[in-house]
Amino acid sequence: EKVEITKEQRALIKAIVDAYNRHQIPQDVTKKLLQEQYSAEENFLLLTEVATSQVQVLVEFTKNIPGFLSLDREDQIALLKGSAVEAMFLRSAQVLSKKMPNGHTEVLEERIRKSGMSDEFMTPMFNFYKSIGELHMTPEEQAILTTITILTPERPYVKSHEAVERLQESMLDVLRKLCVLQHPQEPQYFARLLGRLTELRTLHHYHAEMLTSWKTNDHKFTPLLCEIWDVQ
Ligand SMILES: CC(C)c1onc(-c2c(Cl)cccc2Cl)c1COc1ccc(-c2ccc3[nH]c(C(=O)O)cc3c2)cc1
């Protein structure tokens, strides 16, 4: 049947995409990725700084998701804590698949590869980056997929499951229509995007182990990352 994006859905897409483009890591932070030192310690420190800045950006973006601020306050925190890692995988994937005009793709990849993380985690991580790159997502799809990840009702400690589910479902409907309209030659494209969300959950589990291994090697995180990842 004819797929039609309603006026309300167009407004929803515009609000999300504008917020997604407005909230970016400041240049002075990402520029540091270009500095000379490439030791494992230096790479870890830089990635920690960029991740901390990305979390701040993520919080600001999330506040612009229509309906998010109307959720129970504790649920807002639960959604942010539960989705931060996955949202950062999606954001860093944009940079590493050269989707960012001034993205520091090469140096970012180098620093991630040499940041003291175990190889068992490195392979699935870079397979994910490759699979995201192959999708050639439009900016709208990137922004809406990140929003869908944030509005996942099954995160730990979420109380009003239905309220979050309603918001996520309206986002899923928008993404489904966008995929049909923007990838007419790929009827399975929407299903492939949702498959990436499943892969993100797996990476999220790997990430928890990675944090533990970094901690045992006495790596330090910033207060914001400790808070959002329940570290220390
Ligand atoms: C705390 C640090 C060591 C960390 O722990 N896990 C991860 C971690 C890892 Cl590796 C992988 C995936 C997720 C996490 Cl959460 C990280 C580093 O996390 C990030 C790495 C890069 C970026 C990021 C986002 C947007 C960007 N734009 C630009 C630009 O140049 O414009 C650079 C850039 C970098 C964000 C988080």
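These numbers come from a predicted model, not from an experiment. In each ligand, atom 1 is the first atom listed, and ligand 1 is the first ligand listed.
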Next item on the list: Could you name each residue pair satisfying ring-ring contact (aromatic ring centres under 6.0 Å, His included) that touches residues 26-84, not counting sequence neighbours?
Entry: Y20-F61, F44-W214, F44-H219, F44-F221
Please produce the table of protein N or O atoms sitting under 3.5 Å from N or O atoms belonging to ligand 1, one pair a line, distance to 0.1 Å.
| residue | atom | partner | partner atom | Å |
| --- | --- | --- | --- | --- |
| ligand 1 | 6 (N) | H207 | NE2 | 2.8 |
| ligand 1 | 30 (O) | H104 | N | 3.1 |
| ligand 1 | 30 (O) | H104 | ND1 | 2.5 |

Check: If you measure from the Lys or Arg side-chain nitrogens to the Asp or Glu carboxylate oxygens, is any gap between R176 and D173 under 4.0 Å?
Finding: yes
Please table the atom pairs, donor to acceptor, closer than 3.5 Å between any side-chain atom in residues 113-120 and protein atoms at least two apart or in another chain.
| residue | atom | partner | partner atom | Å |
| --- | --- | --- | --- | --- |
| R113 | NE | E109 | OE2 | 2.9 |
| R113 | NH2 | E109 | OE2 | 3.1 |
| K114 | NZ | E110 | OE2 | 2.7 |
| S115 | OG | I112 | O | 2.9 |

Can you list, pair by pair, the side-chain donor-acceptor contacts under 3.5 Å of residues 201-209, counting residues two or more places apart and other chains?
| residue | atom | partner | partner atom | Å |
| --- | --- | --- | --- | --- |
| T202 | OG1 | T198 | O | 3.4 |
| H204 | ND1 | E86 | OE2 | 2.7 |

Next item on the list: Check whether more than 12 heavy atoms from other residues, nucleotides or ligands sit under 6.0 Å from atom CD of Q35, and answer yes or no.
Entry: yes
Notebook entry, point to check: Under a single-linkage definition using a 4.5 Å side-chain heavy-atom cutoff for Ile, Leu, Val, Met, Phe, Trp and Tyr, are V17 and M171 assigned to the same hydrophobic cluster?
Noted result: yes
